[in-house]
Number of protein chains: 2
Amino acid sequence: MLKNRNCIIRLSRYKNALYRLNALGFVRVFSDNLADAAGVTASAVRKDFSLFGISGNKKAGYQIEELLEKLNSILGKDKVQKVIVAGCGNLASALIKYKGFEKEGIKIVAGFDIDPAKHNRSNNVPVLPLEELKGFVRNQGIKIGIIAVPEAAAGQVAETMFKNGIKGIVNFAPIRLKAPEDCVVNYVNLEHELENLVYFVNALSKTKKKI
Amino acid sequence: MLKNRNCIIRLSRYKNALYRLNALGFVRVFSDNLADAAGVTASAVRKDFSLFGISGNKKAGYQIEELLEKLNSILGKDKVQKVIVAGCGNLASALIKYKGFEKEGIKIVAGFDIDPAKHNRSNNVPVLPLEELKGFVRNQGIKIGIIAVPEAAAGQVAETMFKNGIKGIVNFAPIRLKAPEDCVVNYVNLEHELENLVYFVNALSKTKKKI
DNA sequence: TAGATTGTTAATCGATTAACAATC
DNA sequence: TAGATTGTTAATCGATTAACAATC
């Protein structure tokens, strides 16, 4: 019953592709249009939809608007998601300033840092002392956190987050985190992405074959 | 013969874990120590090593230093990797300022942007006009690029990169890119990571079961 | 109707895990 | 030797793809 990560990531891709198709004036799509637009196979599209009980019309495909509503509902886009960031270095600043989250209903409501020089309560998105994370998360009922602190601090911060009600973390620190059973951690490791690329670029240049 | 992405990502994880173990004074590891440290199974560790012809000693495990050398060689860490960034917004600035890449042999050598206000040739990492990307990549023989431009510009930029010798791209723009057969694109979509988290947090809170 | 597309089942593919013989 | 660990093969697991009957 619980779907796998890739499947849900594909739903996000469908959603984005549908917005683009919609903007181009399309009203309906067939599974193979959407497959092209999202970079997957038509089989995968129909399988994923079937998994969530989304049905179209044989011969008439899917209504884009209706489809978007269903995907948005599955992905929890019907309400604004409040998110906090721990560690207010360059990366966190970029995330806080990024305009793209807003239109997707993702709102970074506060940052936390140990460095007093970074604190600023009057900001649009306030930067608060790390000790206040606990109370803030509890009071506001925050469920999602981003970890952008150095490796050495990540474990502690994660523990504090989980203890106070955070259920999901996007972790940019290059270290595995211990998470309670009912919580999720998604890892983003930019260094590993680049390292990975280097490997495959070298491998492909050696083999001269397609993947 | 060509290994899969997850396998190579695990090699990066082993490498990082080994550095930590090394720093703690360990000289040897067994597959199950390393598995714990990297967050995988002992079977996976031995399987991965076997895939690359890395062997240890029955009963004595693996020499950490020797292992690190081999992993670093596989991952292309024996030489500095020069990387460029297209789009010098907040995210790119954060990447350029990030200190962690250097010790891993990853060097961002230039940024490119269409906005003249961002240009700066005298910076440690210069920010140049986007039109100069082509010549720069060719002259310097750059193989790896990062795309941090808006969605609408990403396709064009990728095409320019590939045409001029870039073989691998980390793409932060929320759109699929067309890539030549002998090139690779790794996608990082922060919005989808958060969206994904929201889905699983909601799903887990409904089921109250472990994954 | 003929043609095209969905929805679902079955087949395939590949990655992960388990198991265990070899051996230090 | 007895015990523990590797290296590899086989089994399992799950995700993706293909195929096709149902049907608009």
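Protein chains get the first letters and strands the later ones, always in sequence-line order, with residue 1 at the start of each.
- Within the 4.5 Å cutoff, the side chain of A:Val170 has no heavy atoms near those of the B:Leu190 side chain.
- Across residues 25-41 of chain B, B:Phe30, B:Ser31 each have a non-hydrogen atom less than 4.0 Å from an atom of DNA chain D (numbered order).
- At least one test fails for A:Lys178 against the ring of A:Phe162: distance under 6.0 Å to the centre or angle within 45° of the axis.
- Residue B:Tyr199 comes nearest to A:Ile74 through the heavy atom pair CD1-O, 3.4 Å, listed as atom of the first residue, atom of the second, then distance.
- Because its NZ or CZ atom is both nearer than 6.0 Å to the ring centre of A:Phe52 and within 45° of the ring axis, A:Lys3 counts as a cation-pi partner of that residue.
- When each of A:Ser43 and A:Ala60 is assigned the nucleotide of DNA chain D with its nearest heavy atom, A:Ser43 is the one assigned upstream, toward the 5' end.
- Take the nearest nucleotide of DNA chain D for A:Cys7 and for A:Asn57: the residue whose nucleotide is more 5' is A:Cys7.
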Show your working on salt bridge (charged side-chain N to carboxylate O under 4.0 Å, His left out) between B:Glu193 and A:Arg5 and close with a plain yes or no. CA-CA 10 Å; B:Glu193 292 298 333; A:Arg5 179 188 147 90; 2.9 Å; yes

Derivation of the side-chain contact (heavy atoms from CB on, under 4.5 Å) call for B:Ile142 and B:Val83: CA-CA 7 Å; B:Ile142 310 287; B:Val83 178; 5.8 Å; no

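- Projected onto DNA chain C by closest heavy-atom contact, A:Lys47 and B:Asn4 fall at different nucleotides, the more 5' of which corresponds to A:Lys47.
- The residue B:Phe49 sits apart from the nucleic acid: no heavy atom pair falls under 4.0 Å.
- Between A:Val184 and B:Asn196 the shortest side-chain heavy-atom distance does not fall below 4.5 Å.
- Contact of the A:Met161 side chain with the A:Val137 side chain is not registered, since no non-hydrogen atoms from C-beta on lie closer than 4.5 Å.
- In this structure, the separation between CG on B:Leu194 and CG on B:Asn189 is 9.5 Å, given to the nearest 0.5 Å.
- Stem list for DNA chain D (at least 3 consecutive Watson-Crick or G-U pairs, distances under 3.5 Å): C:3-24 with D:3-24.
- Residues B:Lys167 and A:Phe200 are not in side-chain contact: their nearest non-hydrogen atoms beyond the backbone lie 4.5 Å or more apart.
- A:Glu195 has a carboxylate O that lies under 4.0 Å from a charged side-chain N of B:Lys77, or vice versa, which qualifies the two as a salt bridge.
- Where DNA chain C meets chain A (any atom under 4.0 Å from a heavy atom), the bounding nucleotides read 5' to 3' are C:dG3 to C:dT9.
- At the heavy-atom level, B:Arg5 lies nowhere under 4.0 Å from the strands shown.
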